[in-house]
Amino acid sequence: MNTCCEPKPGVAAPEIDAEQFALMCKALGHPARVQLLNYLSAYGACYFGSLADVLPLAASTISQHVSVLKQAGLIIGSSDEQRVCYCVNPERLALFKRMVASL
């Protein structure tokens, strides 16, 4: 009997850091965070106050979403005197894409 899920001979599952992959997937598990990452990917750096223009959410809610993305390493922030500027962490995003592609 043939099944659609027969193992492929000689093919091993690729090595991925499952914990890091899960952390990034969890960070992207909310539509607002996906929108923020997409915006930063398309437009480059953005000051925190400008992120309120991206989503119709309170600044405190956006701040929470930004924190989750930062903890996952998908975005990074730098501050000048009074503002914080965020951008995509290109190495981490590339790692995430490679992990997805390896599934």
Side-chain angles (χ1 to χ4, degrees):
M1 178 169 135
N2 284 339
T3 67
C4 65
C5 299
E6 291 182 18
K8 297 175 185 173
V11 175
E15 291 286 326
I16 63 169
D17 185 333
E19 290 203 18
Q20 289 300 308
F21 185 59
L23 179 67
M24 290 185 276
C25 287
K26 183 178 178 181
L28 294 173
H30 192 285
R33 293 191 288 268
V34 172
Q35 287 179 292
L36 288 170
L37 188 65
N38 186 52
Y39 177 83
L40 290 172
S41 292
Y43 295 101
C46 180
Y47 287 103
F48 178 79
S50 301
L51 292 176
D53 298 336
V54 177
L55 297 170
L57 300 173
S60 60
T61 303
I62 292 173
S63 179
Q64 289 173 338
H65 289 305
V66 165
S67 292
V68 172
L69 290 170
K70 280 181 61 180
Q71 287 172 354
L74 292 167
I75 64 172
I76 51 180
S78 63
S79 60
D80 59 20
E81 295 164 16
Q82 294 183 352
R83 301 187 295 181
V84 179
C85 181
Y86 292 102
C87 62
V88 170
N89 180 344
E91 293 85 17
R92 188 75 167 171
L93 186 57
L95 173 62
F96 178 74
K97 289 176 180 181
R98 285 192 306 274
M99 288 178 163
V100 169
S102 73
L103 295 178

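Just so you know, these numbers use all the heavy atoms, side chains as well, and skip hydrogens, waters and symmetry mates.
A 4.5 Å side-chain heavy-atom check between Arg92 and Met24 finds at least one atom pair inside the cut-off. The side-chain heavy atoms of Tyr86 and Ile76, taken from C-beta on, include no pair separated by under 4.5 Å.
For Ala52, the side-chain contact (heavy atoms from CB on, under 4.5 Å) test picks out Ile62, with sequence neighbours left out.
Under a hydrophobic-cluster definition in which Ile, Leu, Val, Met, Phe, Trp and Tyr are linked whenever side-chain heavy atoms come within less than 4.5 Å, directly or via other members, Val34 and Tyr43 are assigned to the same cluster. Note: the hydrophobic cluster containing Ile75 also contains Val84 (ILVMFWY, side chain heavy atoms under 4.5 Å, direct or indirect links). Note: the hydrophobic cluster containing Val68 does not contain Leu74 (ILVMFWY, side chain heavy atoms under 4.5 Å, direct or indirect links).
The CG atom of Asn38 lies 10.5 Å from the CG atom of Leu28; values are rounded to the nearest 0.5 Å. Here the CG-CG distance, from Leu37 to Leu93, works out to 5.5 Å after rounding to the nearest 0.5 Å. We find the OG-CZ distance between Ser63 and Phe48 to be 4.5 Å, quoted to the nearest 0.5 Å.
A ring-centre distance under 6.0 Å is found for Phe21 and Phe96.
Summarising the geometry of Leu51 relative to Cys46, their closest heavy-atom pair is CD2-SG, 3.6 Å, with the distance given to 0.1 Å. Nearest heavy-atom pair, Cys87 versus Ala45, reported as atom, atom and distance to 0.1 Å: CB-CA, 4.1 Å. The two atoms that bring Ser102 and Ile16 nearest to each other are OG-CG2, 3.4 Å, heavy atoms only. Here the shortest heavy-atom pairing between Leu57 and His65 reads CD1-CD2, 4.1 Å.
Residues Gln64 and Arg33 have side chains that never bring a donor and an acceptor to within less than 3.5 angstrom of each other.
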